Amino acid sequence: QVRLVESGGGLVQPGGSLRLSCTASGNKFRINDMAWYRQTPGNERELVASVDYDGVTDYLDSLKGRFTISRDNVLNMVYLQMNSLKPEDTAVYYCYVRDFWQNVFWGQGTQVTVSL
């Protein structure tokens, strides 16, 4: 199994910044893709940003220029730097990992609240 643990969420004012971190751990795992998703109550989980093993990234169009995803393949970590946050960014953010055998793993999620 692969365990994913997120951290870095919290309450921030509009225009503020947060940096989310996710650490992967387990026995004999090999990570391929990593990503961040977010979900609000009653809605489907949506892809925010992804990064492949070589560092090639992709973003939700509305987030380009505000969010940055990065990874550390030595530490088995993925990060999401969130700048210029808006109230509509409020959600639970989930770490996502797909391994070499195409198994998918999810973190428990971390709450991000953007409000005055």
Side-chain angles (χ1 to χ4, degrees):
Q1 290 186 349
V2 175
R3 184 188 181 197
L4 306 178
V5 179
E6 303 101 333
S7 64
L11 175 64
V12 64
Q13 293 183 340
S17 298
L18 287 173
R19 190 190 190 213
L20 306 183
S21 299
C22 174
T23 302
S25 62
N27 184 33
K28 293 185 177 180
F29 65 97
R30 188 173 181 179
I31 297 173
N32 187 358
D33 301 317
M34 307 184 83
W36 288 95
Y37 285 72
R38 67 185 182 186
Q39 187 171 28
T40 55
N43 297 314
E44 295 291 326
R45 197 169 294 182
E46 69 173 350
L47 177 63
V48 174
S50 64
V51 56
D52 68 16
Y53 189 82
D54 295 319
V56 178
T57 59
D58 193 23
Y59 297 91
L60 188 65
D61 285 343
S62 62
L63 303 178
K64 289 182 178 179
R66 297 196 298 119
F67 287 19
T68 303
I69 189 170
S70 60
R71 66 187 290 169
D72 188 323
N73 291 334
V74 175
L75 298 178
N76 293 316
M77 296 187 69
V78 62
Y79 310 92
L80 185 67
Q81 179 66 46
M82 304 183 293
N83 299 324
S84 301
L85 284 163
K86 303 175 181 179
E88 52 263 43
D89 294 320
T90 297
V92 177
Y93 284 72
Y94 295 90
C95 182
Y96 162 102
V97 162
R98 183 171 67 88
D99 69 12
F100 183 78
W101 301 273
Q102 298 185 341
N103 298 303
V104 173
F105 304 92
W106 293 96
Q108 294 296 310
T110 183
Q111 177 70 46
V112 172
T113 302
V114 185
S115 179
L116 294 172

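The structure displayed is predicted, hence computed values, not measured ones.
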Measure the [atom1]-[atom2] distance between [X] and [Y] for me, rounded to the nearest 0.5 Å.
X     : Y      : atom1 : atom2 : result
Leu60 : Arg38  : CG    : CZ    : 6.5 Å
Met34 : Asp52  : CE    : CG    : 12.0 Å
Leu11 : Leu116 : CG    : CG    : 9.5 Å

Exercise. For Val112 and Leu20, run side chain to side chain contact (heavy atoms under 4.5 Å, CB included): C-alpha distance rounded to whole Å, both residues' side-chain angles, the deciding distance at 0.1 Å, then the answer.
Key: CA-CA 9 Å; Val112 172; Leu20 306 183; 4.0 Å; yes

Quiz prompt | Test log, rule side chain to side chain contact (heavy atoms under 4.5 Å, CB included), inputs Val12 and Val114 | solution = CA-CA 5 Å; Val12 64; Val114 185; 3.9 Å; yes

[X]: partners by side-chain hydrogen bond (donor to acceptor under 3.5 Å, both in side chains), with sequence neighbours left out:
X     : result
Asp58 : none
Asn73 : Arg71
Ser84 : none
Arg45 : Gln39

Quiz item: Under a 4.5 Å side-chain heavy-atom rule over Ile, Leu, Val, Met, Phe, Trp and Tyr, are Met77 and Phe29 clustered together?
Solution: no

Quiz item: In terms of hydrophobic clustering (I, L, V, M, F, W, Y; side-chain heavy atoms under 4.5 Å; direct or indirect links), are Val51 and Tyr94 co-clustered?
Solution: no

Quiz prompt | Selection residues 15-36 - residue pairs positive for side chain to side chain donor-acceptor pair (under 3.5 Å), sequence neighbours left out | solution = Ser17-Asn83, Asp33-Arg98

Exercise. Mind jotting down which residue pairs meet the ring pair (Phe, Tyr, Trp, His ring centres under 6.0 Å) criterion with at least one end in residues 50-77? Sequence neighbours excluded, please.
Key: none

Quiz item: Nearest heavy-atom pair of Ile31 and Ala24: which atoms, and what distance?
Solution: CD1-CB, 3.6 Å

Exercise. Considering non-hydrogen atoms only, spot the tightest contact between Ser50 and Ile69 and give its length.
Key: O-CG2, 3.6 Å

Quiz item: Residues in ring pair (Phe, Tyr, Trp, His ring centres under 6.0 Å) with Tyr37, at least two apart?
Solution: Tyr96, Trp106

Is [X] reaching over with its side chain to a backbone N or O of [Y], donor-acceptor style, under 3.5 angstrom?
X      : Y     : value
Thr110 : Tyr93 : no
Gln108 : Glu6  : no
Asp54  : Val56 : no

Quiz item: Which pairs count as disulfide bond (SG atoms under 2.5 Å apart) when at least one residue sits in residues 39-92, sequence neighbours excluded?
Solution: none

Practice problem: Keeping to residues at least two apart or across chains, list the disulfide bond (SG atoms under 2.5 Å apart) pairs with something in residues 5-109. | Solution: Cys22-Cys95

Side-chain contact, heavy-atom cut-off 4.5 Å: [X] with [Y]?
X     : Y      : result
Leu85 : Gln13  : no
Val48 : Met82  : no
Leu4  : Phe105 : yes

Practice problem: Would you please name every residue forming a side chain to side chain contact (heavy atoms under 4.5 Å, CB included) with Thr40, sequence neighbours left out? | Solution: Asn43, Ala91

Quiz prompt | Contacts of Asp61 that satisfy salt bridge (charged side-chain N to carboxylate O under 4.0 Å, His left out) - sequence neighbours left out | solution = Lys64

Self-check item: Set of residues satisfying salt bridge (charged side-chain N to carboxylate O under 4.0 Å, His left out) with respect to Arg66, sequence neighbours excluded
Solution: Asp89

Quiz item: CD of Glu88: more than 12 outside heavy atoms within 6.0 angstrom?
Solution: yes

